[in-house]
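First the structure, in the form of structure tokens, and then the observations on it.
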Amino acid sequence: MYAWIERKVAQYKYSAKRGTCFDVAPDKDFTGSTVVDHSAWDSLLKEKVQRNEIDGIELNVIDYKSLSEDERFSAYRNTLSSVSLGDLSPNEKLCLYINAYNFLCIDKIISSFKEQGKLPKSILELKKSGVEVWDQPAGIVGGETLTLGQLEHDILRSKWNEPRIHA
């Protein structure tokens, strides 16, 4: 039910500007080495996200406090901001932008936690000065400051025919 409502809101608020879309398929020229090293982010998620049960619902729980104190978190922020997008294949860009979106969502929650001393019940509570969290500057990716809305709708949804991308 909530996913349906969220999709409807996203469709109303953002229409994906479809242009030339990349199909997700194995890169034919992939050599086995990547331009962007996501291993720090991968290891952080493996360590700081645990399967748990809250109110009888099984879900993944993030240890935001521990994550915020880990130096690899800041190091990955630097990786995202300094990456050279021109060096990436379409699949590597997709990987980068999905990881950036997830990282920046978590970073928004951590920033709120540091400011307020408590976690928000929902990322939707991070509205500032009447600006929804999706429309606030979220971080730098490839030298460009982006909002979460730009990452999801202007980049991910509009440039890739990828069914696993939200909404």
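- Without hydrogens or angle criteria, Asp37 side chain to Ser39 main chain gives a donor-acceptor distance under 3.5 Å.
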> Between Trp160 and Lys93, is a side-chain contact (heavy atoms from CB on, under 4.5 Å) present by the stated rule, with each step listed?
Replying inline: CA-CA 10 Å; Trp160 278 275; Lys93 282 183 185 175; 3.8 Å; yes
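- Among the candidates Leu88, Leu156, Asn99, the single residue satisfying the side-chain contact (heavy atoms from CB on, under 4.5 Å) test with Leu94 is Leu156.
- Looking at Glu144, its side chain never comes within 3.5 Å of a backbone N or O of Val141 through a donor-acceptor pair.
- Between Pro120 and Ile109, the shortest heavy-atom contact is CD-CG2, 4.1 Å.
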Show me the side-chain donor-acceptor pairs of residues 73-80 shorter than 3.5 Å, one per line, residues at least two apart or across chains.
residue : atom : partner : partner atom : Å
Tyr76   : OH   : His38   : ND1          : 2.6
Arg77   : NH2  : Asp107  : OD1          : 2.6
Arg77   : NH2  : Asp107  : OD2          : 3.4
Thr79   : OG1  : Ala75   : O            : 3.2

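- Although no hydrogens or angles enter the test, the distance criterion places no donor-acceptor pair under 3.5 Å between the side chain of Glu132 and the main chain of Leu124.
- In this structure, Lys108 does not pair ionically with Glu125, as no charged nitrogen and carboxylate oxygen lie closer than 4.0 Å.
- Residues Ile62 and Leu119 share a hydrophobic cluster, clusters being chains of Ile/Leu/Val/Met/Phe/Trp/Tyr side chains in contact below 4.5 Å.
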>> Is there a side-chain contact (heavy atoms from CB on, under 4.5 Å) between Ile106 and Tyr101? Walk through the geometry before answering.
In response: CA-CA 9 Å; Ile106 290 172; Tyr101 180 86; over 6 Å; no
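- Atom CH2 of residue Trp41 and atom CZ of residue Arg72 lie 11.0 Å apart, to the nearest 0.5 angstrom.
- Without hydrogens or angle criteria, Ser66 side chain to Asp63 main chain gives no donor-acceptor distance under 3.5 Å.
- To the nearest 0.5 Å, atom NZ of residue Lys127 and atom CG of residue Asp135 are 10.0 Å apart.
- Salt-bridge check for Lys114 with Glu69: failed, with every basic side-chain N at 4.0 Å or more from each acidic carboxylate O.
- With 3.5 Å as the limit, one finds no donor-acceptor pair spanning the side chains of Ser89 and Asn91.
- To the nearest 0.5 Å, atom OH of residue Tyr64 and atom OG of residue Ser111 are 12.0 Å apart.
- Side chains of Leu85 and Tyr97 form a contact here, defined as non-hydrogen atoms less than 4.5 Å apart.
- The distance from atom CG of Leu104 to atom CD of Glu152, rounded to the nearest 0.5 Å, is 13.0 Å.
- Surrounding CD of Glu71 are at most 12 heavy atoms belonging to other residues, nucleotides or ligands under 6.0 Å away.
- Cys95 places none of its side-chain heavy atoms less than 4.5 Å from the side chain of Val36.
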> Ile123 and Cys105: side-chain contact (heavy atoms from CB on, under 4.5 Å), yes or no, with the steps?
Replying inline: CA-CA 8 Å; Ile123 194 170; Cys105 282; 4.1 Å; yes
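- Hydrophobic clustering places Leu96 together with Val35 (ILVMFWY residues linked when any side-chain heavy atoms are closer than 4.5 Å, directly or through intermediates).
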>> Walk me through whether Lys48 and Asp70 qualify under side-chain contact (heavy atoms from CB on, under 4.5 Å).
In response: CA-CA 10 Å; Lys48 311 296 184 188; Asp70 196 305; 3.7 Å; yes
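- The shortest side-chain heavy-atom distance between Val61 and Val49 does not fall under the 4.5 Å cut-off.
- A salt bridge links Glu58 to Arg51: one of the charged nitrogens lies within less than 4.0 Å of a carboxylate oxygen.
- Residues Pro137 and Thr145 come closest through the heavy atom pair CB-CG2, 3.9 Å.
- Put simply, the side chain of Gln136 gets close to the backbone of Leu126: a donor and an acceptor are under 3.5 Å apart.
- The hydrophobic clustering, which links ILVMFWY residues whose side-chain heavy atoms are closer than 4.5 Å, places Leu44 and Ile110 together.
- Proximity of Leu151 to Thr147: side-chain heavy atoms (C-beta onward) are nowhere separated by under 4.5 Å.
- Between Leu146 and Ile155, the closest side-chain pair of non-hydrogen atoms falls below 4.5 Å.
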